[in-house]
Number of protein chains: 2
Amino acid sequence: MASQLIRVLVQLRDLILKGEFAPGERLAEIPIAQKLGASRTPIRLAFSSLEQEGLLEPSPTGGYLIKRFTPREIADAIAVRGHLEGMAARLVAEHGPTSQLLTFLKDCLKEGDRILNKRTLNYDDSACYIEMNDRFHQLIVNGAENAALARAIELNNRLPYAAPSATMPMQQASGEEGREWLRHAHRQHLSLVQAMEHREGTRAQGLAEEHVQIARMNMRYAFERPDAFMPAFKLVADAVN
Amino acid sequence: MASQLIRVLVQLRDLILKGEFAPGERLAEIPIAQKLGASRTPIRLAFSSLEQEGLLEPSPTGGYLIKRFTPREIADAIAVRGHLEGMAARLVAEHGPTSQLLTFLKDCLKEGDRILNKRTLNYDDSACYIEMNDRFHQLIVNGAENAALARAIELNNRLPYAAPSATMPMQQASGEEGREWLRHAHRQHLSLVQAMEHREGTRAQGLAEEHVQIARMNMRYAFERPDAFMPAFKLVADAVN
DNA sequence: TAACAACAAATTGCATGCAATGTCAAACAG
DNA sequence: CTGTTTGACATTGCATGCAATTTGTTGTTA
C-alpha cells in the first residue's frame with residue numbers, strides 16, 4: 001500500500017494534466033481532500049510538490065492556483081529539452097557508449113523497425129512505440145552519467161508536453177501523415193545511435209537538438225486542428241477558447 | 001512577519017549549506033522543530049522542499065537524509081549551468097538584446113572595471129563583485145525570455161557550488177592569483193556582451209560555456225588547498241576526511 | 001559466546017482542532 | 001442607484017494527538 005501522499009500526488013497530477021481544473025482556478029484543500037479521500041495534510045504536501053513541478057503557482061493570498069501555460073511556454077520547454085538532450089547525446093558520444101548501452105539502444109531501433117514495418121498501426125503499436133521512444137531517450141540521458149543533467153531533464157519533462165513522447169498521441173490521430181513523421185523520427189534515432197557509436201559528439205548533439213523539432217511540429221499541428229486528440233489542452237491559454 | 005515555513009526553510013537551508021549536519025545524517029523532525037522553535041508541520045514542508053532542491057534525499061525507511069555530494073557531481077552541475085547559460089546567451093544574441101538590457105549589462109561591466117581598477121580588494125569590493133556577477137548572469141537568463149530555461153537554471157543553481165558566484169569566496173582567499181582569474185572572468189564578460197550586441201549567437205554560446213571553466217578551476221583549487229575558505233565542504237565526500 | 005527473538009522506545013505519517021487571515025455578500029449611506 | 005463599510009463565512013497555516021512502522025536493546029537459547 002503506497003502512502004497517502006504518493007497516491008494523492010499521482011491522482012492530482014493526473015487530474016490537472018487531464019484538464020479537470022480550469023487554468024487560474026484556485027485549488028482549495030478541503031474539496032480536494034474529500035474528493036480524493038484523504039485528509040488535508042497529504043494534500044498540502046502534494047500541493048507543495050506540484051508547485052515545484054510547475055503545475056501550480058502560489059496565490060498571493062495563500063493557497064495555490066492552476067498554472068496557465070501559453071503555447072510559447074510549451075515550445076520553450078521543448079526547446080530546453082532539445083538543448084539538454086543534445087548535451088547528453090554529446091557526452092555519450094564523447095565518452096564512447098558502453099557496449100551494453102549500445103546493445104540497449106539498438107534494441108530500441110529494432111523495436112522501431114518492427115513497428116514501422118507493419119502495414120497499419122493500431123493502438124498497441126502506438127503504445128509500444130511510445131514506450132520504446134521513452135526508453136530510448138532515457139537511455140541516452142542515463143548514459144551521459146551526469147546526475148545534474150539527468151535531474152534537469154527530468155524536472156523539465158514534468159512540464160506539460162515537454163517530455164519526449166508527450167506530443168505523440170496527437171500524431172497518432174493524424175493517420176498517414178503522422179506515420180510519416182514517425183518514420184522521420186526513427187531515422188533520426190538511427191543516425192543518433194550511429195553518431196554516438198562513432199564518437200561524433202557534435203553530430204550527436206546536433207541530431208538530438210534537431211530531433212525535438214518533431215515535437216514542435218506536433219504541437220503546431222494540434223493547434224491548427226482542435227479536433228485532434230489532446231489530453232490537457234485546457235491548460236494552454238488561447239488554445240480552443 | 002514571514003510565515004513559519006519560510007523562516008524554517010531559509011534557516012534549514014543555511015544550516016545544511018554551512019555544513020552543520022554530516023552528509024548521510026538522518027534529519028529527525030522533533031529535534032529540528034525544537035532547535036528552530038516551530039512545530040513539526042512546517043518542518044515537514046521544509047524537508048519536502050529541500051528534497052526537491054536536491055539537498056536532502058528520502059530515506060527508504062521514511063524521513064530524510066542529508067545528501068552527500070561527490071566532487072564529480074559538483075563539476076557536473078557546473079557543466080550543466082554552462083550549457084544552459086550558453087543557450088541563454090545564444091538566445092539573447094539571436095533575438096538581439098533590447099537597448100535596456102544592453103544598458104544594464106554595460107552597467108555591470110562598468111562596475112567590474114571600477115572594482116578591478118583598484119589597487120587592492122577588500123571584503124566590500126568582493127561582495128560588490130559577487131553582487132554584480134550574479135546580476136550579470138541573471139540579466140542574460142532573463143533576457144533569453146524562456147521561462148523553462150530560466151527555471152532549469154534556477155533549479156540547477158540551488159545545488160551546492162553550482163550557482164554563478166558560489167565558488168568565488170574560494171577565489172578571493174587566494175590573493176593575487178585569484179585576482180588574475182577575476183580579470184580573466186571580466187574579460188569574458190566583455191566579450192560576451194560584445195557578442196550579444198553584435199548578434200553573434202554561436203560566439204555568445206561558446207563564451208558562456210567556456211566561462212564556467214573558471215568555476216571548475218576554483219573548485220579544483222579549493223580541493224588542493226583544504227585551508228581555503230569553503231563554506232559547505234562537509235557536504236562533499238572525500239573532501240577533507 | 002554468538003545469534004535470534006521479543007519487547008520497548010522513538011519516529012514517522014496522517015488526521016484533526018484552532019486561531020488568524022482573507023473573501024464575499026448584504027445592508028446602509030450618500 | 002452606486003459606492004462603502006461591516007459582518008459572517010470560508011480557507012489557510014500551524015500545532016498536536018494518535019496509530020503504525022521501524023529501530024535499538026535486552027534476554028534467552030543453541
Side-chain angles (χ1 to χ4, degrees), chain A residues 1-17 19-68 158 234-235, chain B residues 1-17 19-68 158 234-235:
Chain A
M1 171 82 188
S3 73
Q4 292 282 70
L5 171 59
I6 302 296
R7 194 174 60 79
V8 164
L9 190 55
V10 171
Q11 285 191 34
L12 252 185
R13 188 161 30 211
D14 269 16
L15 286 176
I16 295 173
L17 288 175
E20 283 289 311
F21 308 102
E25 180 180 339
R26 187 198 194 94
L27 277 196
E29 295 173 1
I30 297 181
I32 301 291
Q34 288 173 347
K35 185 168 186 166
L36 301 186
S39 82
R40 288 169 46 215
T41 304
I43 301 287
R44 284 178 66 78
L45 263 305
F47 280 2
S48 168
S49 285
L50 291 171
E51 178 203 349
Q52 307 222 334
E53 283 186 22
L55 262 46
L56 298 180
E57 56 186 351
S59 161
T61 83
Y64 292 97
L65 275 47
I66 298 281
K67 178 131 169 57
R68 180 189 307 270
R158 298 227 179 109
K234 279 194 190 169
L235 291 180
Chain B
M1 172 78 188
S3 74
Q4 292 284 68
L5 171 60
I6 303 295
R7 195 173 60 78
V8 164
L9 190 55
V10 170
Q11 286 190 34
L12 252 185
R13 191 163 25 214
D14 268 16
L15 287 176
I16 294 174
L17 258 36
E20 284 289 311
F21 308 102
E25 181 179 340
R26 187 197 194 96
L27 278 195
E29 295 173 0
I30 297 181
I32 302 291
Q34 288 174 346
K35 186 168 186 164
L36 300 186
S39 83
R40 288 170 47 217
T41 305
I43 302 287
R44 286 178 65 77
L45 264 304
F47 281 1
S48 169
S49 284
L50 291 171
E51 178 204 348
Q52 306 221 333
E53 282 186 25
L55 263 43
L56 298 181
E57 57 187 351
S59 161
T61 83
Y64 293 96
L65 274 48
I66 299 281
K67 177 129 169 57
R68 180 189 307 271
R158 297 223 180 112
K234 280 193 188 169
L235 290 180

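No experiment lies behind these values; they were computed from the predicted model shown. Sequence lines set the chain letters: A, B, ... in the order given, protein chains first and strands last, and positions in each chain run from 1. FYI, side chains are in, hydrogens and waters are out, and symmetry mates aren't considered; it's all heavy atoms of this structure.
Between A:Leu56 and A:Leu65, every side-chain heavy-atom pair lies at or beyond the 4.5 Å cut-off. Looking at B:Ile16 and B:Glu53, their side chains never come closer than 4.5 Å, going by heavy atoms from C-beta outward.
Taking all atoms of both residues into account, the shortest heavy-atom contact from B:Leu50 to B:Arg13 is CD2-CB, 4.2 Å. Taking each heavy atom of B:Leu45 and A:Ser48 in turn, the nearest pair found is CD1-CB, 4.0 Å.
Between the C1' atom of C:dG22 and the CG atom of A:Leu65 lies a distance of 14 Å, rounded to the nearest Å.
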At under 4.0 Å between heavy atoms, which parts of nucleotides 9-21 of chain C does protein reach? Answer with one letter per nucleotide, 5' to 3': B base, S sugar-phosphate only, - none.
---BBBBBB----
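Of the residues B:Ile6, B:Leu5, B:Leu12, B:Val10, the one that meets the side-chain contact (heavy atoms from CB on, under 4.5 Å) test with B:Val8 is B:Leu12.
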